[in-house]
Amino acid sequence: MKILPTEYFGNLALLLDLEADAEKQEALREQTKLSAREAEATGHSISQLVIREQGYGLGGHFLLGLGKRNETLPLPWTRLGVGSPVILAEEGRAENAWRGIVSAIRRDALQIALNQFVETESDKPTFRLDRAPDEIARFRQKQALEAARGASSSRLEVLRDVLIGSVNPLFEKAEALQAFNKNLNQSQIGAVEFALSAEDVAIIHGPPGTGKTTTLVELIQQITRKGQSVLAVAGSNLAVDYLLERLISAGENAIRLGHPARITPALREHTLDALVENHPDVKTAERLTRDAYALLNQAQKFTRAKPEPGAKQAMRQEAKEMLREARNIEDQISAMLLNSARVVCVTATGIDAERFENKIFDWCILDEASQMTEPAAWIPIRYAKRIVLAGDPCQLPPTVISSEAARGGLNLSLMERLLNRHYPSKMLNVQYRMHQAIMSFSADVFYNGDLQADETVRAARLADQPQITASPLTETPVHFIDTAGASYDEEKEPDGDSRFNLHEAELVIKRVNELIECGVTPEQIALISPYSAQVKLLREKIKLDVEIDSVDGFQGREKEVVIVSLVRSNRTGEVGFLADTRRMNVALTRAKKKLIVIGDSATITYHPFYEKLVRHFEALGAYHSVWEE
């Protein structure tokens, strides 16, 4: 049955509206209905902040340093991070509010970048910082959906019809690859060959640790050596920066687009803003800007002699013309740099239609495509002739907060929808991260047993490192501690819906101390929990330089040792958030040499996934009861 674009994209737009409404309602609830303490408990708000420092930077933005009035106090636990859009409001004067982006964060303070100076009415004001919906991103997604819906007699029309299933994809005969990277394995080489053979769209499926980024870098190098251009896109700034870093290391000349606050400091010299700023022609624009402000300043000054009628207005008009000319020069430099770039790196929602007007790339490569909502994916698709989707739908799905939008399919990425239709794809099947025993459960359950460990990691243990003492904990790759029957009951956080487990936290601390006594450094250890309240509890109790984060926060990361705290322990077998088994796949595949899982088998095995997991631990000889402690 032929799929109508009007109906298809109309449905996506409706789902996008539902998500926007849910985000606005949640933000409104946190900003108006919750007390400061309750709002802080959600992780989306911080109150009673004072200005510690202010200045300019990051491409001319106004930078504001904020912290508690008592400088010895740390910031509360927060979900806000670098790049988060926020609203800063003066407490007691809600009408005084400014939009900005978190540009830096540490234990006791954070910095936000704003487009305007903050003027307050109080002598000693305090501020509240709240997460803000990203309205620009929403607008760009709507633009993209409308462009795809109405595409006619264009390359976008062909790609649209292939992607919505109205037309079958075409592939040329794959040519043998002369790889630039001589260390690629056969599945990586095959994936690059397959992608290059696509007339329209190709999919590369990259399970954990299989070198997806390495493969994409090779693909981009092959494309640019043919004189073709690439739009390299991902859903998150971290993923874009990582790809850019790898491209630069491989010798590619790539330009990064995006707000400077959202870009890794070491990579800011590769941003379009920095390249424009350092371009020799920009000196003319700087001189015009400087002269224009001098003229405006002169027009505002009081003079003894009465100015000629209209003189001040003429000076202001001349200054405006100079500023307009300066902006035109900067825009021309930007357009020239973009048009000459072989590779442009940007987040999907960071693509500005005005800046990309009439710009078409030969290829668009979407990394993390399985974590991107479909409306977001359509933003870069409209600017390319061929598309490559790369990711892993067996890991984290797109984040959607509207249950109605999720039921409608907004949490189903474009990549996953295509794979559900058995769209042609290539899977990378050799992983370079984990010990064979750590990998084996996920390989069987999520990847049909097709995933294998490379020889370099297959049998690597902690105890094999010279500085680490051999012990039952360091000689084995997997350790499951069953807390069943020990009254390790979960608790609900007082001001929210998340869960924590104090006894499990204490057991985690005990294992961390044992590992450190064996010579493992804190920097080699990560603690992960699916529950934000447990993450918060562990951060409060552990002062070592151990990384502690949620499953979502640790996506794409790895550590020598990972300890997973499952939290759930109740008499009714309720597993809640644990039922999202793709998140557990992420948690179980972050460890390189040692995975420790702590949980209550009597609770979690009500779910068939965890019943299978516990049986797997038993078969490995990794099962231990807390009663052995």
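These numbers were taken from a predicted model, which means no experiment stands behind them. Reckoned from all heavy atoms, side chains included, excluding hydrogens, waters and symmetry mates.
Remark: Lys173 NZ is loosely packed, at most 12 non-hydrogen atoms of other residues, nucleotides or ligands lying under 6.0 Å away. Heavy-atom contacts from other residues, nucleotides or ligands closer than 6.0 Å to CD1 of Ile401 number more than 12.
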Run Phe9 and Trp378 through ring-ring contact (aromatic ring centres under 6.0 Å, His included) and show every step you take. CA-CA 10 Å; Phe9 291 99; Trp378 282 99; 5.0 Å; yes
Working for side chain to side chain donor-acceptor pair (under 3.5 Å), residues Ser166 and Asp161: CA-CA 5 Å; Ser166 296; Asp161 291 345; 4.7 Å; no
Start with the C-alpha distance between Glu368 and Ser236, add both sets of side-chain angles, then the distance that settles side chain to side chain donor-acceptor pair (under 3.5 Å), and finish with yes or no. CA-CA 8 Å; Glu368 283 191 341; Ser236 72; 3.2 Å; yes
Hey, can you pull the donor-acceptor pairs under 3.5 Å for the side chains in residues 201-211, sequence neighbours left out?
| from | atom 1 | to | atom 2 | distance (Å) |
| --- | --- | --- | --- | --- |
| His205 | NE2 | Asp392 | OD1 | 2.7 |
| Thr210 | OG1 | Pro207 | O | 2.6 |

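Of all the heavy atoms in Ala406 and Asn411, the pair that sits closest is O-OD1, 3.2 Å. The two residues Glu19 and Val400 have their closest heavy-atom pair at OE1-CG1, 3.2 Å.
Under 3.5 Å, the side chains of Gln111 and Ser103 contain a donor-acceptor pair of N or O atoms. Checked by atom type, the side-chain pair Arg131/Ser45 shows no donor-acceptor distance below 3.5 Å. Side chains of Ser187 and Asn185: a donor on one and an acceptor on the other come within 3.5 Å.
The side-chain tip of Lys359 points at the ring of Phe361 from less than 6.0 angstrom away and within 45° of straight on. Note that Arg421 lies outside the cation-pi zone of Tyr423, set by a 6.0 Å cut-off to the ring centre and a 45° limit from the axis. Seen from the ring of Tyr383, Arg155 does not count as a face-on cation partner, given the 6.0 Å and 45° thresholds.
Tyr242 contributes atom OH, which lies 12.0 Å from atom CG of Leu238 (distance to the nearest 0.5 angstrom). Between the CG atom in Asp17 and the CG atom in Leu12 there is a gap of 11.0 Å [rounded to 0.5 Å].
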